[in-house]
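Keep in mind it's a predicted model, so treat the numbers as computed, not measured. Numbering starts at 1 and runs along the sequence shown. Ligands are counted one by one from 1 in listed order, and the atoms in each one are counted from 1 as well.
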Amino acid sequence: VRLAGDDFAKSCYREPLPDISPSSANRTVPWDIARGPGECCSSLDEVRAGIDKVDADLLMLLSQRAALVREATRFKPTRSNVDVPSRDTEVINGAVEGSVKVNLPEAIARAVFTAIINSSVDFELCIFDAFNGGF
Ligand SMILES: C=C(O[C@@H]1C=C(C(=O)O)C=C[C@H]1O)C(=O)O
């Protein structure tokens, strides 16, 4: 998935980032807009430990979301009611709009929520078929 179109330097945070040294030695983080509450780190190992913790939290949240998606199946009369494109668009657009407030690159919000919706619809179809014989 190409997240940022043709000009990565300009599009990741909707504005150009400052230049940084081509060497990784003594490279600081010069762009305040890229800083967030998760920023910590004085080594790549420390960065990765932070990523692993966030990933564990994401897994838990995705599990809670999947359980709710599974419940939605109970309120769908037929298989053709499972996917609701207008709601899919609302969820994805809501995530893209919300990404600005939390300083998440919009392209990540769009790509991740599109994948969440697509996999959730497949999961819901699977649940529907398992319990209803797929009529
Ligand atoms: C959960 C629902 O079912 C589907 C899954 C959605 C989701 O994962 O958010 C949204 C719409 C539907 O395509 C729903 O109808 O709300």
Subject >> Contact atoms of ligand 1, heavy-atom distance to V121 under 4.0 Å >> reply: 13 (O)

Original post:
Any side-chain heavy-atom pair from V91 and R87 closer than 4.5 angstrom?
Top reply: yes

**OP:** Check each atom of ligand 1 against the heavy atoms of S120 and keep those under 4.0 Å away; list them by number with element.
**Re:** 8 (O)

Original post:
Heavy atom under 4.0 Å from ligand 1: found in V82's side chain, backbone, both, or neither?
Top reply: backbone

Original post:
Thinking salt bridges, do D52 and R48 make one under a 4.0 Å N-O criterion?
Top reply: no

**OP:** Heavy-atom contacts with E124 under 4.0 Å: which atoms of ligand 1 show up? List them by number with element.
**Re:** 1 (C), 2 (C), 3 (O), 4 (C), 5 (C)

**OP:** Taking the side chain as every heavy atom from C-beta outward, state whether L68 and Q64 have any atom pair closer than 4.5 Å.
**Re:** no

Original post:
V91 to ligand 1: N or O pair under 3.5 Å?
Top reply: no

Subject >> Donor-acceptor contact below 3.5 Å, side chain S63 vs main chain L59 >> reply: no

**OP:** List every atom of ligand 1 that sits less than 4.0 Å from any heavy atom of V69, numbering the atoms from 1 in the order shown and giving each element.
**Re:** 8 (O)

Original post:
Which residue owns the protein heavy atom closest to atom 14 (C) of ligand 1, what's the atom, and how far is it?
Top reply: K76 NZ, 3.7 Å

Original post:
How about N81 and T78: does a side-chain donor come under 3.5 Å of a side-chain acceptor?
Top reply: yes

Original post:
Quick one: which ligand 1 atoms are inside 4.0 Å of a heavy atom on R65?
Top reply: 7 (C), 8 (O), 9 (O)

